[in-house]
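Remember, predicted model here, so these are calculated numbers, not experimental data. Within every chain, numbering begins at 1; the chains are lettered A, B, ... in the order of the sequence lines, protein sequences first and strands thereafter.
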Amino acid sequence: MIAKSGSKRWVSAADVAARKAGVHVGMPAAKAQALFRGLMLVDAQPAADALALERITLWALTKYSPIVAVDGIDGIVMDTEGADHLQGGELPMVTMIANQFLAKKLTARVAVADTWGAAHACARAISRETVIVPVGQTVRAVENLPISLLRLPPKIIGDLRTLGFQRIGELANTARAPLTLRFGPEIGRRLDQMFGRAAEPIDPIRSPELIEVMRAFAEPIGAAETINKYVGRLIIRLIEELQKSGLGVRRADLIVEKVDGTRQAIRAGTVKPVRDVAWLTKLFRDRTEKIEPGFGIEKLTLVAVVVEPLEERQKASSLVEEDVTDVTPLIDIYGNRGQRVYRMAPVASDVPERSVQRIAAAAEPITVAWVGHWRRPVRLLPRPELITAIALMPDHPPASITWRGKRRKVIRADGPERIFGEWWQRDAEMDAVRDYFVIEDETGERLWVFRAGDGVDPETGDHRWFCHGIFA
Amino acid sequence: MTAARASDIADVISDLRERISALEGLPGKKAGCLAFGVPEIDAALPGGGLTYGALHEFAGGGAGTVDGAAAALCVAGIAARTHGPIVWCLTRPDLFFPALAQVGLHPDRVIFVESDKDDEVLANMEEGLSFGGLGAVVGELVRLPMVGSRRLQLAAERTGTMALAVRRWRRQTEAHDFGQPTASTTRWRVSVMPSDDLPVPGVGQARWFLELMRSRAGECAEFLVRACDDQGRLNLSAGSADGSYSSRRSRHSV
């Protein structure tokens with residue numbers, strides 16, 4: 001990739017093969033050509049790149065966090081505070097981001113840090129795909145990084161190099177006054193931003209299609225009731241806007257701008273498009289207590305980030321059939337609290353642990369059901385537990401078993417129920433067989449035990465006994 | 001004239017009664033009860049069944065204090081007989097749904113809410129109860145403190161949704177916690193008993209020893225019952241003394 005600045009042509013990006021040949025970014029184009037014959041040169045298109053980056057940023061806005069912006073010419077910055085728990089924590093979140101970019105054949109470097117500056121530097125310095133800087137460890141993470149990652153103009157970087165500064169740590173430990181005298185306030189500002197001493201709010205990216213309502217306050221507000229009141233009014237206005245365009249909201253962000261220039265965002269998601277005031281109000285009110293007003297709130301903005309068409313529908317009269325409560329608002333409340341909400345559905349499999357699957361709580365009703373001839377235990381152990389059993393081979397239930405250190409005499413038993421391995425799942429299950437028995441001991445406790453193998457052919461299993469479930 | 005006055009007085013008195021019961025917040029009045037369909041059990045409960053809009057606690061006995069299998073199935077049977085969706089809050093996802101389906105609970109009706117902590121289970125239950133319109137809200141809990149149970153009871157009273165708490169502990173020795181007072185309306189212990197005798201080798205229908213350990217404005221009672229059938233109904237097991245189902249079968253087969 002060759003960029004032009006004035007009459008100078010230089011390398012602005014290089015792929016892995018080119019880098020192996022010695023080409024690096026910033027090298028004059030002629031020199032790169034001299035290094036390697038037949039080097040393919042492509043003219044850079046900064047405008048197209050910027051457009052693509054903006055597109056990716058808007059996509060990230062709908063997906064990861066309410067506050068997302070373009071960072072420089074090659075990055076995206078996100079405020080993930082309060083958004084990571086939706087993806088199961090920071091580590092799963094960054095891994096997921098990296099993987100999703102990988103799936104689109106893009107290589108991404110992802111870094112999570114306390115400040116924009118630190119994350120910017122770390123993401124560009126790492127050789128791994130992801131890095132997470134623990135809270136409060138910014139100084140240790142960035143002190144050894146080169147000063148070129150400070151987001152300073154190239155002129156200042158060059159001059160600082162001339163003076164012998166290489167690392168951010170060295171620069172941070174130098175007296176501030178002479179540096180400011182010589183280079184202006186820029187260095188101090190960037191260092192403060194990196195170490196979190198100066199606020200650096202991220203101005204979230206917006207596209208004209210986004211439906212947004214806002215309310216600015218002449219006097220900053222701070223009381224919980226006041227915040228609730230205005231959030232309620234914003235929601236009513238947003239619903240009116242949505243009504244005009246026939247849309248329902250799937251994901252909405254409330255962005256709180258405070259007097260001291262910091263931003264806080266609350267995101268609420270729904271399982272299906274919503275245009276209901278009470279429903280949305282409940283989702284936001286649940287969490288307005290998390291807003292820290294600090295010195296006061298200047299502006300509240302409510303954005304519908306993801307919208308879907310929502311048509312008016314005619315309701316059937318409830319005169320005859322019984323009204324069934326729609327629980328989707330409740331599912332949303334649980335989901336926004338970070339709980340795992342699901343339903344159980346049957347899977348056509350005879351292997352007990354494979355016969356159930358979790359489906360989305362708001363999924364369509366299921367029509368199939370489990371075949372109910374055989375007794376099934378109420379509690380299924382996460383994995384079968386090895387027991388010792390005394391049993392007559394090949395097809396008698398055990399006469400006594402020892403499970404979890406307790407010996408039980410089997411008074412009654414039922415079985416065997418033979419379940420064959422599913423060879424289409426794994427090769428190892430080709431001949432596998434489990435013989436399940438229901439057993440009852442002298443106190444009336446009923447257990448589900450099985451023997452691996454049919455009791456005759458050692459190919460089908462090694463004849464060990466397991467306990468797999470507890471009956472009521 | 002006097003007749004008119006008498007009817008006036010009767011009106012006033014009935015009005016006063018209504019107001020007093022509203023003040024007392026007696027849930028049974030407005031929400032009604034879910035009868036077990038077993039006359040002996042229903043007779044022991046004020047109102048003739050499990051009150052909607054109230055908290056009911058179920059625990060297992062013996063090893064059931066840890067696995068809570070019988071308590072969960074008993075609760076599933078009760079939930080199956082209510083109308084509307086069920087919210088089931090838990091922390092340990094080891095429930096095997098085919099067994100619940102066998103007592104008449106359709107998988108479409110049950111929404112599971114899994115959380116990491118007991119406190120979150122309490123909060124989720126309360127949210128479900130105050131949502132209204134659900135058949136029942138079930139929660140599997142280790143600890144049920146007084147304050148938490150009071151909140152559940154109040155939320156249940158407000159909407160008339162039945163709250164069912166399945167107590168299961170980490171260790172059998174922790175189960176003495178069940179003696180601590182809570183605000184629940186009824187408190188049950190479900191222990192597994194040897195199953196019905198069959199004329200042939202095999203495991204008959206399961207039997208439970210159902211203890212009503214506490215009942216607000218009612219007496220304690222004990223029942224020997226057959227476990228829930230495919231519609232979630234319990235069935236009084238008459239034991240071996242009289243002509244119960246199992247003994248009659250064996251007589252025929254001999």
Side-chain angles (χ1 to χ4, degrees), chain A residues 286 322-327 329-331 333-334 337-346 352-353 355-356 358-359 361-367 369-372 374-382 397 404 406 411-415 438-446 448 469-472, chain B residues 60 62-64 67-74 76 83-85 87 89 92-103 106-116 120 123-124 127-128 131-135 190-195 197-198 201-204 206-209 227-228 230:
Chain A
D286 248 11
E322 204 172 324
D323 233 5
V324 177
T325 324
D326 182 21
V327 285
L330 190 63
I331 296 169
I333 293 170
Y334 289 137
R337 281 191 188 168
Q339 320 286 5
R340 297 175 283 282
V341 192
Y342 53 89
R343 275 196 350 239
M344 289 294 189
E353 56 266 40
S355 64
V356 288
R358 292 181 177 190
I359 56 169
E364 292 295 309
I366 47 178
T367 47
W370 290 278
V371 186
W374 303 103
R375 284 173 181 247
R376 288 290 177 258
V378 181
R379 306 276 181 197
L380 192 73
L381 302 179
R404 289 185 181 167
K406 191 180 165 197
I411 303 293
R412 296 182 179 86
D414 240 344
V438 183
I439 58 163
E440 185 181 289
D441 67 3
E442 54 269 66
T443 60
E445 282 173 31
R446 288 167 279 270
W448 211 29
I470 304 163
F471 286 94
Chain B
D67 58 60
L73 198 67
C74 182
H83 294 285
V87 169
C89 312
R92 281 184 274 176
D94 57 355
L95 216 54
F96 193 49
F97 207 92
L100 268 54
Q102 280 174 358
V103 297
H106 195 273
D108 273 343
R109 284 181 65 198
V110 187
I111 293 162
F112 288 96
V113 185
E114 188 188 323
S115 33
D116 299 324
E120 289 172 331
N124 292 339
E127 196 63 56
F131 182 75
L134 300 179
V190 191
S191 319
V192 287
M193 296 293 281
S195 58
D197 285 320
L198 288 181
V203 183
R207 285 193 296 180
W208 294 336
F209 189 55
C228 300
D230 57 354

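For B/Val87, the part lying near chain A is the side chain, with the backbone staying farther off; criterion is any non-hydrogen pair under 4.5 Å. A/Val341 touches chain B through backbone and side chain together, each having a heavy atom under 4.5 Å away. The part of B/Phe131 that comes within reach of chain A is its side chain, from C-beta onward, which places non-hydrogen atoms under 4.5 angstrom from that chain. For B/Ala101, the part lying under 4.5 angstrom from a heavy atom of chain A is the side chain only. Using a 4.5 Å cut-off between heavy atoms, A/Ile333 contacts chain B through its side chain alone, with no backbone atom that close. When heavy atoms are compared at a cutoff of 4.5 Å, A/Ala369 does not approach chain B at all. Contacts between B/Ala71 and chain A at a heavy-atom distance below 4.5 Å are absent for every atom of the residue.
Between A/Ile331 and B/Ile111, some side-chain heavy-atom pair lies under the 4.5 Å cut-off. In this structure, the side chains of B/Leu100 and A/Met344 stay at 4.5 Å or more apart for every pair of heavy atoms. Using a 4.5 Å heavy-atom cutoff, the side chains of B/Phe96 and A/Arg379 are not in contact. Within the 4.5 Å cutoff, side-chain heavy atoms of B/Leu134 are placed close to those of A/Leu330.
The shortest non-hydrogen separation linking A/Glu440 to B/Ser195 is OE1-OG, 2.7 Å.
Between chain A and the residues B/Val110, B/Asp108, B/Val192, the largest count of heavy-atom pairs under 4.5 Å involves B/Asp108. Your options are B/Ala227, B/Gly204, B/Cys89, B/Cys228, and the one with the most heavy-atom pairs under 4.5 Å with chain A is B/Gly204. Ranked by heavy-atom pairs shorter than 4.5 Å toward chain A, the options B/Ala99, B/Ala69, B/Ala206 are led by B/Ala69.
Between A/Arg337 and B/Glu127 there is a salt bridge, with a side-chain nitrogen of the basic residue lying less than 4.0 Å from a carboxylate oxygen of the acidic one.
Between the side chain of A/Arg340 and the backbone N or O of B/Phe112 there is no donor-acceptor pair closer than 3.5 Å. A donor-acceptor pair is defined here as one N or O able to donate and one able to accept, closer than 3.5 Å; such a pair exists between the side chain of A/Arg375 and the backbone of B/Val203. Looking at B/Gln102, its side chain does come within 3.5 Å of a backbone N or O of A/Trp374 through a donor-acceptor pair. Looking only at distances, no side-chain donor or acceptor of A/Arg376 sits under 3.5 Å from a matching main-chain atom of B/Pro98.
Take B/Asp230 and apply the side-chain contact (heavy atoms from CB on, under 4.5 Å) test, not counting sequence neighbours, and it matches no residue.
A/Tyr342 and B/Glu114 are linked by a side-chain donor-acceptor pair at a separation below 3.5 angstrom, with hydrogens and angles left out of the test.
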